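Quantities reported herein were computed from a predicted structural model and do not represent experimental measurements. Convention: sequence-line order gives letters A, B, ...; per-chain numbering from 1.
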There are 2 protein chains.
Amino acid sequence: MTRVLLAAGTTETALIDGISAAGATPELMNHTPAADAEILAYGEPTGAPVTPVSPTGCPTPAAISRAVREVVGFDLTVVDAGLARPTMAPTVAFGTEPGADVRAEEAVPDAATIFDRAYEYGASLPDDELLIGETIPGGTTTALGVLTALGSPGGVSSSLPDNPLEQKHRVVETGLERSGLESGDCADEPLAAIRAVGDPVQATVAGISAGALESGIDVTLAGGTQMIAVVALLRRLGVDAPVSVATTSFVATEQGDTLEDVCTRLECDLTVTDPGFDARDHVSMERYCAGEAKEGVAMGGALSLVPDGRLEAVLDRIELVCDRLGVDGPDGSEEAVTPEDDHGP
Amino acid sequence: MTRVLLAAGTTETALIDGISAAGATPELMNHTPAADAEILAYGEPTGAPVTPVSPTGCPTPAAISRAVREVVGFDLTVVDAGLARPTMAPTVAFGTEPGADVRAEEAVPDAATIFDRAYEYGASLPDDELLIGETIPGGTTTALGVLTALGSPGGVSSSLPDNPLEQKHRVVETGLERSGLESGDCADEPLAAIRAVGDPVQATVAGISAGALESGIDVTLAGGTQMIAVVALLRRLGVDAPVSVATTSFVATEQGDTLEDVCTRLECDLTVTDPGFDARDHVSMERYCAGEAKEGVAMGGALSLVPDGRLEAVLDRIELVCDRLGVDGPDGSEEAVTPEDDHGP
């Protein structure tokens, strides 16, 4: 059975107003990765006080990946890559701390340590193949940070229909300045790029991938532009093994030819899956078709596991999972994002 | 898919000479639950420096449960119920500390806190049914401790072919004395029995079970006499919901009618599975037939999941898993218990 490995973490970068749609308020956003991990592990949040749903009723991609898991089945391993709030999902923990705002002097002070521990972990796994996903609100901004610090061109996506790209660039510029760096300064020192303007999930995914590839494990990075940033890191680190990226058609459509060009340049395979959400009129799928969320929590990779003839069953299951999560439209979603303070430990 | 929940912990009671066979040396025994969790999660130890194999070549029951998982499939959730050494298996953690020697004044000082947190966790799960197993060397001695403190008669099993019952009784008597207690003194205060002469796995399994049962989840305790002690705790705590115990024929044979009598008295269903190991001549199965290990790491419960007609496939898989673990006889086993200091984080 395929192992899906989910790196779940946080960066204070997400708390910058307008950067991320992965939560109704900054405080609730800090719970998003913990809740995503629980949804994937149990089918719903069990300890986290929130179901991650955007203000317009778009459910977290965890709901989609969970639906795939319930239909197709995959082994799940969540890695704590800097959670700011506790999760009741089982996690592998190396002691990784949440990331700071990229505008701080150092966004991930212990990037090298995280990478080393993650490398050892990845190298220790007996699997033949790994599919690695992420959940970290603000992760496309830190992806832009790393790509800029590496001097590696490439667009970044957004969980918002209107990508606040100018704001992201301003945030990254400020971050580089505060770190005393200019664009491209970290080309030969990729972990310094994470330390200055990245996030702990990048250090974790890069480390696990490098270790696993070194051990001969096939690695597919399940995600969009955040995973492209990880591939760029790996290539600069001298990891030249074949590596694949599996993402959704929502990211591919937004990114146009840029995504394919970047993958060609970085010598990584690209798999794009269109889940056919436009054939359904459930609010959850409508929000994805409207350009929200797009990807995350291994969604594109999970969808790539769906065999021919099983997509309809997955779409049916997405409706079930979303109903279970209380995602039934903008009204229901407001209820769903209310913290339930007395729920769980 | 059935969720198997594994409570993995340690008690210093296991370090008393002659008490447990769950490790080659006291130091290595502390790694056993961490290694068991990794074997169940990944198929082999990935971070733990040891494969738990007895000096005569009997592999940990984790190998059997893992083989069932590879053939039948089940969802795994490991709960850190007081691990003394780190595991690279994903775990749910409530901050539970390892248990002290039952001969100390208090074996589990925070038994009530562990129970409460575990209860909340159990109550939060959306599952319809749970199968709960344990891995804790020395656990039959702490089971005897709790049964004695509760004044609840019942035999206890052993991972050794010759059950060191007299020694266990002496240890428990000393433990009760040091706690200022006599047999039966905790009949009306079951968590005090754990605090005085129990272990943190008991507090965890009792708490999760009580919470899950309260939420209407069907609970099967996968284990032998250690799980009988948990049922005794639950009954004394006033939990009167139906609960089942699923164990192996190795425990049932050793315990004779006692086991059935105790289950009748505690009003719990008993399922006994005979895996038919006597039909094979692989060393691992021979050691079980000789009375070693007998049960643990949810083995009996996992075997109860094997549908008719799939047992041969499970036996084949046990051979594969054991070969992968380096269990191929007394010679191979000596190699397998050598610590690999440079392996894993």
Over all atoms of both residues, closest heavy-atom pair of A:A41 and B:R3: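 Taking A:A41 first and B:R3 second, the nearest heavy atoms are O-NH2, 3.2 Å.
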Nearest heavy-atom neighbours spanning B:P90 and A:V78: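 Heavy atoms only, the tightest pair is CB-O, 4.4 Å.
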Pairs where residues 209-218 of chain B contributes a residue and the test side-chain hydrogen bond (donor to acceptor under 3.5 Å, both in side chains) is met, not counting sequence neighbours: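 As it turns out, there is no side-chain hydrogen bond (donor to acceptor under 3.5 Å, both in side chains) pair with a partner in residues 209-218 of chain B once direct neighbours are skipped.
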Pairs involving residues 63-76 of chain B, ordered by first then second residue, that meet side-chain hydrogen bond (donor to acceptor under 3.5 Å, both in side chains) (sequence neighbours left out):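 Residue pairs passing side-chain hydrogen bond (donor to acceptor under 3.5 Å, both in side chains), neighbours aside: A:R69-B:D75, A:D75-B:R69, B:R66-B:E70, B:E70-B:R317, B:E70-B:R324.
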Contact class of B:A123 relative to chain A, heavy atoms under 4.5 angstrom: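 Neither part; nothing is under 4.5 Å.
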A:T46 side, atom OG1; B:Y121 side, atom OH - distance, nearest 0.5 Å: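 Output value for this atom pair is 6.5 Å.
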Spatial distance of atom OG (B:S124) from atom CD (A:E44) [nearest 0.5 Å]: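 Output value for this atom pair is 8.5 Å.
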